Student: 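A single structure is presented below for examination.
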Amino acid sequence: MDRISKKFKQIRDKKKALSIFLTLGFPNLKMTEKLVLALEESGADLFEIGLPFSDPIADGPTIQQSSEIALKNGVGWKHLIQLGKNLRKKTDVPLILMSYSNPLYHKGWNKSARDLKTAGFDGVILPDLIPEENEEAKNAFTKNGLSLIYLVAPTSGEARVKRITKECSGFVYTVSVTGVTGARKNLPIKEVSHFLKKVKKNSSLPVLLGFGISKPEQLSNFQEADGFIIGSALVEILLQKKEDALLIEEAKKFINSFAKSRSIV
Amino acid sequence: MHLPDHQGHFGIFGGRYVPETLVSALEELTLAYKTISFSLEFQKELQNLLSNYAGRPTPLFFAKNLTSYFKGAKIYLKREDLTHTGSHKINNTLGQCLLAKKMGKKRVIAETGAGQHGVATATACSLLGLECVVYMGEEDTRRQSLNLFRMKLLGAKVVPVSSGSKTLKDAINQAMRDWVTNVRNTFYCLGSVVGPHPYPWMVRNFQSVIGKETYSQILKLEGKLPNLLLACVGGGSNSIGLFHPFYRHKKVKFIGVEAAGKGVHTSFHAATLSKGRPGILHGALSYVLQNQEGQIQPTHSISAGLDYPGVGPEHSFYKNSGRAKYVSIKDEEALNGLWLLSKMEGIIPALESAHAIGYLKKTAPQLSKNEVVIVCLSGRGDKDVAEVQKWI
């Protein structure tokens, strides 16, 4: 069984999953590895490692900023591969690459998939890749045993949700509201719950909710979800101009507060 | 062969590489475009606007002085600079905004580089009573400040974009982010033959009025089809608009002129088709200027409208199939083109169009006197006068 499925099997019926997004090479190259290890201790179940792209059209200002800093730090494919290799000596936590299509297309889908597999990655999320255009990518990832995780959006009709969840492997990334990534103070609870129900009904895979998760109190509102994705809210903490050790402490405390609020009612 | 296919592919190029949130909106737009825009009623209404509001058909002008100067082919200019708002962009914005209105969308967003598409969108929105928001790179608001003010006069809200390279590419990013957020009530009026399906197809069709008019005009004037069509290429809308109606006439050669900036061997250029590689940017697969990591490269051109690291997928298809040839012209050569046309014919071209004029020097003298070249004069140069002054 692959690491993602294994993880969900372990925690099923016990607690909601927490998937944590980190921009590779932000705030600096050394920090990504340290953060993964530290946050796993605080209760994170999966990690989405963001390979920054120069033109992130699905991202709001926070992740745009972290991507710009990471690119200035000179981060690239080889650092991603090195990170995977380093982490695999220390942990079995599922690692998922999150990026945009072009860096992988440019390298070649097959070469990208092979590299990722060798480095110990388990899946890929590309917010600008939809099932209509996925043929080559899907073949390459499937051949290498990597999960291809798609996003479903509140604007996706039921037939489309069905189609996407069928194409998905690993889990289904459910986008809470129309818009770009970024912390939001409030999510429209009724609408999001309604949408989650629609996705759950059509999916045999775990359904994770992302976009706008910023406070532990939000979690209990969305019992339909099998887990939550935390991105921009954590990146905002890491954008503070503080020493690395202090940032890690704050990040741990932050993720821990979510870990405490994720019991299944 | 009918291109694109029903999913927007021109060979391997085009398609839809977009966040899922936009898919339903793109499907809604495709369906609306197919059903509404091809109806007789819509065609009549658009035709009326193009004639009586935008000033079409535009003349096909025989540039006698320029022809004698180069001592080669007969040179004709397709005068898109004479349309209302001063560039070919109005052909597309009247089409799209009329469609937006019929779809019941009240809010229109657009990106702009040189400001010509922004002005043309603001104009169409003002005429049709639609709310208009235009995204413009901060760098471009500086070098095209006249157009910035024009958009404001027309009642549009202009949002300066300070991310990335602060030019057209980033304005498109920001417009797409707005669209992802406000997708339910907003119509995205894209200004070029780029972006996800149906844009490259729809914008090409709205711009094809350029080539269709040229086709019948040149037959009337010369009794034959031209030997060569010449147009500048940024995203590539005026060039596709001119080229496409001649696509089946294989004897008519197409040359697209990109911006070589300070030279294609420096890193300061925007020659996407000459120096780029296939990649995925702004929702489509097409040639892209990118580095070894697949990150999009910064570009440079004296002309804001050509300062873009991507290009329309149909051009990528034309390039790979050999139907069109793509060359590039440096800032300096474009400026020379601008001066030459101003002095010889009393026409100040936009810096974008000046690239096509600049290339005449390399091609016109080599053609014989009974051959015919048509240059698309996509816009007028009023907006560039201040920028040009700085270069003198």
Side-chain angles (χ1 to χ4, degrees), chain A residues 51-61 64-65 67-68 71 74-80 99-108 112 126-137 150-157 159-161 163-164 173-182 211, chain B residues 6-9 12 14-28 161-165 169-186 195-197 276-286 288-298 309-310:
Chain A
L51 176 70
F53 180 51
S54 52
D55 295 79
I57 53 168
D59 285 306
Q64 282 177 50
Q65 214 182 327
S67 299
E68 269 181 40
L71 286 172
V75 83
W77 189 257
K78 66 173 187 210
H79 302 106
L80 180 79
S99 189
Y100 286 81
S101 295
N102 198 52
L104 284 82
Y105 177 83
H106 184 79
K107 189 156 290 298
S112 300
L126 300 170
D128 61 349
L129 188 71
I130 58 173
E132 282 83 350
E133 304 286 355
N134 75 353
E135 206 181 311
E136 275 181 58
Y150 288 102
L151 290 77
V152 289
T155 49
S156 318
R160 205 167 158 81
V161 168
R163 168 162 190 197
I164 296 172
Y173 192 131
T174 305
V175 176
S176 62
V177 287
T178 62
V180 291
T181 59
F211 281 41
Chain B
H6 71 285
Q7 289 186 319
H9 297 115
I12 64 161
R16 269 183 196 156
Y17 295 83
V18 291
E20 172 59 25
T21 306
L22 291 182
V23 172
S24 63
L26 290 167
E27 279 172 0
E28 181 195 2
V161 177
S162 59
S163 56
S165 59
K169 160 180 92 83
D170 311 283
I172 298 181
N173 289 342
Q174 209 51 36
M176 286 190 142
R177 289 180 189 123
D178 178 316
W179 203 30
V180 168
T181 310
N182 304 299
V183 60
R184 288 183 173 109
N185 68 357
T186 297
H197 180 59
R277 286 185 51 184
I280 295 157
L281 176 68
H282 294 149
L285 176 59
S286 195
V288 176
L289 285 171
Q290 51 191 320
N291 69 14
Q292 288 173 333
E293 292 279 337
Q295 305 290 346
I296 309 307
Q297 260 172 355

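Here the structure is a predicted model, which is why all the values come from computation and not from measurement. To find a chain, count down the sequence lines: A is the first, B the second, and so on, and within it residues start at 1. Values reported hereafter were calculated over all heavy atoms of this structure, with side chains retained and with hydrogens, waters and symmetry mates removed.
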Student: If I measure from the heavy atoms of chain B, does A:Leu71 come under 4.5 Å with its side chain, its backbone, both, or neither?
Tutor: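 Only the side chain of A:Leu71 comes within 4.5 Å of chain B.
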Student: So, taking the atom named CG in B:Leu281 and the one named CG in A:Asp128, what distance separates them when rounded to the nearest 0.5 Å?
Tutor: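 With rounding to 0.5 Å, CG (B:Leu281) is 9.5 Å from CG (A:Asp128).
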Student: Between B:Arg177, B:Met176, B:Arg16, which has the largest tally of heavy atom pairs under 4.5 Å with chain A?
Tutor: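 Max contact count across the listed options: B:Arg177.
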Student: Against chain B, label A:Leu51 side chain, backbone, both or neither, depending on which of its atoms sit under 4.5 Å from a heavy atom there.
Tutor: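 Contact with chain B is absent: no heavy atom of A:Leu51 under 4.5 Å.
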Student: Determine the sole option in B:Asn182, B:Val180, B:Thr181 for which the side chain to side chain contact (heavy atoms under 4.5 Å, CB included) test with B:Asp178 is passed.
Tutor: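 Testing each of B:Asn182, B:Val180, B:Thr181 against B:Asp178, the sole residue satisfying side chain to side chain contact (heavy atoms under 4.5 Å, CB included) is B:Asn182.
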Student: Measuring heavy-atom distances to chain B, does A:Asp59 have an atom under 4.5 Å in its side chain, in its backbone, in both, or in neither?
Tutor: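 Backbone only.
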Student: Non-hydrogen atoms of chain A under 4.5 Å away: do they reach the side chain of B:Arg277, the backbone, both or neither?
Tutor: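 Contact with chain A involves the side chain of B:Arg277 alone.
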Student: Considering only heavy atoms and a distance below 4.5 Å, find which of A:Pro154, A:Gly179, A:Ala58 pairs most often with chain B.
Tutor: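 Maximum pair count with chain B is reached by A:Gly179.
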Student: Find the one option among B:Val183, B:Asp170, B:Val23, B:Leu22 whose heavy-atom pairs under 4.5 Å with chain A are most numerous.
Tutor: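 If we count pairs closer than 4.5 Å to chain A, B:Val23 comes out on top.
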Student: As an exercise: rank B:Glu27, B:His282, B:Arg184, B:Gln297 by heavy-atom pairs under 4.5 Å with chain A and give me the winner.
Tutor: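 Highest number of pairs under 4.5 Å: B:Arg184.
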Student: Under 4.5 Å heavy-atom distance to chain A, tell me which part of B:Pro278 shows up: side chain, backbone, both or neither.
Tutor: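 Both the backbone and the side chain of B:Pro278 come within 4.5 Å of chain A.
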Student: Would you please name every residue forming a side chain to side chain donor-acceptor pair (under 3.5 Å) with B:Asn291, sequence neighbours left out?
Tutor: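 For B:Asn291 there are no side chain to side chain donor-acceptor pair (under 3.5 Å) partners, ignoring immediate neighbours.
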Student: To the nearest 0.5 angstrom, please state how far the CG atom of B:Leu285 sits from the OG atom of A:Ser101.
Tutor: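 The distance works out to 9.5 Å.
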Student: Report the residues that fulfil side chain to side chain donor-acceptor pair (under 3.5 Å) with A:Ser176, sequence neighbours left out, ordered by chain and then residue number.
Tutor: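 Per chain and number, A:Ser176 pairs via side chain to side chain donor-acceptor pair (under 3.5 Å) with no residue.
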Student: Non-hydrogen atoms of chain B under 4.5 Å away: do they reach the side chain of A:Val152, the backbone, both or neither?
Tutor: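 Looking at A:Val152, just its backbone touches chain B.
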